[in-house]
Protein chains: 2
Amino acid sequence: MPKDQRPATPAAVSVRDVAALARVSPTTVSNVLSGNRRVSEETQDRVRWAIDQLGYRPNLSARNLRLNRTGLIAVAVPEIDVPYFAELIRHVVQGAREHGYTVLVDQTEGRIEAEQFVVDGMNRGMVDGILLSPLGMTRAEYDQRRDDTPLVLLGERIVGKGIDHVGIDNVAAAEDATRHLADRGRRRIAAIGHQTPRGGGTAPQRTKGYRKALRSAGLPYDPTLVVPTRNYHRLDGAQAMADLLDSGALPDAVFCYTDLLALGALHTLHQRGLKVPDEVAVIGIDDIDEGRYSLPTLTTISPNKPTIAQTALDLLLTRITTKEQDPQQVVIPHTLEQREST
Amino acid sequence: MPKDQRPATPAAVSVRDVAALARVSPTTVSNVLSGNRRVSEETQDRVRWAIDQLGYRPNLSARNLRLNRTGLIAVAVPEIDVPYFAELIRHVVQGAREHGYTVLVDQTEGRIEAEQFVVDGMNRGMVDGILLSPLGMTRAEYDQRRDDTPLVLLGERIVGKGIDHVGIDNVAAAEDATRHLADRGRRRIAAIGHQTPRGGGTAPQRTKGYRKALRSAGLPYDPTLVVPTRNYHRLDGAQAMADLLDSGALPDAVFCYTDLLALGALHTLHQRGLKVPDEVAVIGIDDIDEGRYSLPTLTTISPNKPTIAQTALDLLLTRITTKEQDPQQVVIPHTLEQREST
DNA sequence: CTGAAAGCGCTTACAG
DNA sequence: CTGAAAGCGCTTACAG
């Protein structure tokens, strides 16, 4: 039989075992690994050899207990499979790795208890920091936080200061989108995606920007052109568009609060035989990859997800290292990506 | 000043503090929390009261060190923002929560070292189990695994037995897709997405199923109709379709190895003014939500992601509880979802 | 029904 | 340049 014998037990190898084999103290093994203090070349070699021999790998739980950290950060979003969040998480995971952190994902699905749990630090000591894209949390609930795990909010700005936050200017984004439609001569511009969730949320801000742009363009505000949606899936956009058309309020343009809603709206417009953009122009927000391949391709407000992810991560890591500091609200510039739908 | 005074230090409250306040031993506090042994009602009340007073929450690192577990499972996929994976992860996260586990995500991006790292248990003691959707790992590399963290493979079957695996029958799936096209009278059926990665992978299996179906249908195998792609993004599908048309090999149907490729192909077909499905029929695999809203909607092979996620999770949790057991290869049935593109 | 003590595997003052 | 010892916060035999 070739190959060396298989280890009797996969056994947990500890610093002690390595130390014994290398004929040094656990202290030294630890120092070789951490580089925290000088160790002679010769000793280092022996230690490394022993580590190799035994296939030693440090036990993270023990290290974490001792160091009072975990190397983990949590990112909590309403739904992982909503492309905007999936793309954002991708950037977060990449960035975290560069800083030696691993990412744990949580899905709140709009459940307040789930957001509460996240805000209260998940389980104590489970993560070093938290990135949360909130949906329903109110300011009061943040203030009741019984946990001091660093927390940075994404996307949605909670009313008032005092909480770290990274996102785009939602009022301006909606205004830019709506103005884009008005500039192209559209007069009856509908808005799909209004909501008034308990926490405040981005939807009212987008509605605000929409109305602001109408005003600037000298267009009347027609409430029948504003369609609220329960969620922000393709289905919601498709239904909202259908409802709008059924109501007889024929728009010549639609500003959708997210790309997913816009993609759903495109689907309905096609079914109803309406030409986009000739008869109805459509614009969304998020700049998800899907909009580059839809028929027609989708004009959108691009939030620069890589920058949002990186900025949020940097802010969070700063908080982890240096607690206590003035909370920051960072606004990331957005751009308009024109494509075929307008 | 109303409200009670803020705690001088957010201080780490430990079992010891709770025990002291409740006038019991740490042992008892621990037992109240775990329910591992009977504690008198009265004592329980005192302990719970103390916990509440102090806002105590157990330190996970310490518990993990003691219990030799973490309550974490890792799920590693090539790309988080590929809809198929995002949807799968969603189900995994949901299922894991039901079992009291939290999910840590990793993105391998097809890097062998990243897959190696995952297979070697990430960092020791960091996770209790691993779900990996591999890309390039070879069988030999699995055999060299220096770690015994339970591991279940998703999607891609590694050559040979000996490793837990959950996925669909890729040969049959490709065969069904191709037959569906042949059954509708298509004679020149192209295939987009062939690859021959080092680990083996699903692509060759899908090509095999494609050829098998051609044979059954009495159609000739034309290598010029098989277009390999570097990745499985929309862009790759769009380019492959363009290359195919440019080559002059006009197909009347296209079997794409994933929905994303198919969506890219649809984009190109539209640009070139070819009618789908009249002139060219298109089918994919994955059943991502996007295909229900594309123009036209996309016929696809649906892998039943909820079942895949749940089965993989169940298998993994079984391994975590009961190590040592015969490795299982579970094949999840797929279905064909017919939509407008065929 | 309850407690005192040991120990999980690390790292870091303290000491030389 | 190196080591002996303490301790992070838990849980679980062992004992009563």
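Proteins come first, then strands; the chains are lettered A, B, ... in the order of their sequence lines, and each starts at number 1. Here the structure is a predicted model, which is why all the values come from computation and not from measurement.
- Rounding to the nearest 0.5 Å gives a distance of 10.0 Å between CD of B/Glu141 and CG of B/Asp120.
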Quiz prompt | Per-nucleotide protein contact string for nucleotides 10-16 of chain D (B base, S sugar-phosphate only, - none; heavy atom under 4.0 Å) | solution = BBBBB--
Quiz item: Which string of ( ) [ ] | and . matches DNA chain D, if you list each base 5' to 3' and count Watson-Crick or G-U pairs only when both distances are under 3.5 Å?
Solution: |||.||||||||.|||
Exercise. Begin from the C-alpha positions of B/Arg111 and B/Glu115 and carry the test salt bridge (charged side-chain N to carboxylate O under 4.0 Å, His left out) through to its verdict.
Key: CA-CA 7 Å; B/Arg111 291 168 300 131; B/Glu115 294 192 4; over 6 Å; no
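- Side-chain N/O atoms of B/Thr70 and B/Asn64 include no donor and acceptor closer than 3.5 Å.
- A heavy-atom distance below 4.5 Å is not found between the side chains of A/Thr108 and A/Phe117.
- Taking a 4.0 Å limit (strictly below) on heavy-atom distances, residues 43-51 of chain B reaches DNA chain C at B/Thr43.
- For A/Asp17, the side chain to side chain donor-acceptor pair (under 3.5 Å) partners at least two apart in sequence or on another chain are A/Ser14.
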Indicate every side-chain donor-acceptor pair of residues 96-107 of chain B with a distance under 3.5 Å to a residue at least two apart or in another chain.
{"from": "B/Arg97", "atom 1": "NH1", "to": "A/Gln107", "atom 2": "O", "distance (Å)": "3.3"}
{"from": "B/Gln107", "atom 1": "OE1", "to": "B/Ile80", "atom 2": "N", "distance (Å)": "3.1"}
{"from": "B/Gln107", "atom 1": "NE2", "to": "B/Glu109", "atom 2": "OE2", "distance (Å)": "3.0"}

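- Counting heavy atoms from C-beta outward, A/Ile130 and A/Val152 have side chains that stay 4.5 Å or more apart.
- B/Met137 and B/Ile112 make their closest contact through N-CD1, 4.3 Å (heavy atoms, listed as atom of the first residue, atom of the second, distance).
- A/Glu42 has its CD atom 8 Å from the P atom of D/dT2, to the nearest Å.
- A 4.5 Å side-chain heavy-atom check between B/Val330 and B/Ile332 finds at least one atom pair inside the cut-off.
- Rounded to a whole Å, the CG atom of B/Asn68 is 7 Å from the P atom of C/dG9.
- B/Met126 places its CE atom 16 Å from the C1' atom of C/dG9, with the value rounded to the nearest Å.
- Atom C1' of nucleotide D/dT2 and atom CD of A/Glu41 are separated by 16 Å, given to the nearest angstrom.
- A salt bridge (charged side-chain N to carboxylate O under 4.0 Å, His left out) check over residues 67-82 of chain A, counting only residues at least two apart or in different chains, returns the pairs A/Glu79-B/Arg90, A/Asp81-B/Arg90.
- Defined by atom type and a distance below 3.5 Å, a donor-acceptor pair is present between the side-chain atoms of B/Thr43 and B/Ser40.
- Phosphate proximity of D/dT2 to A/Ser25: absent, as no side-chain N or O sits under 4.0 Å from OP1 or OP2.
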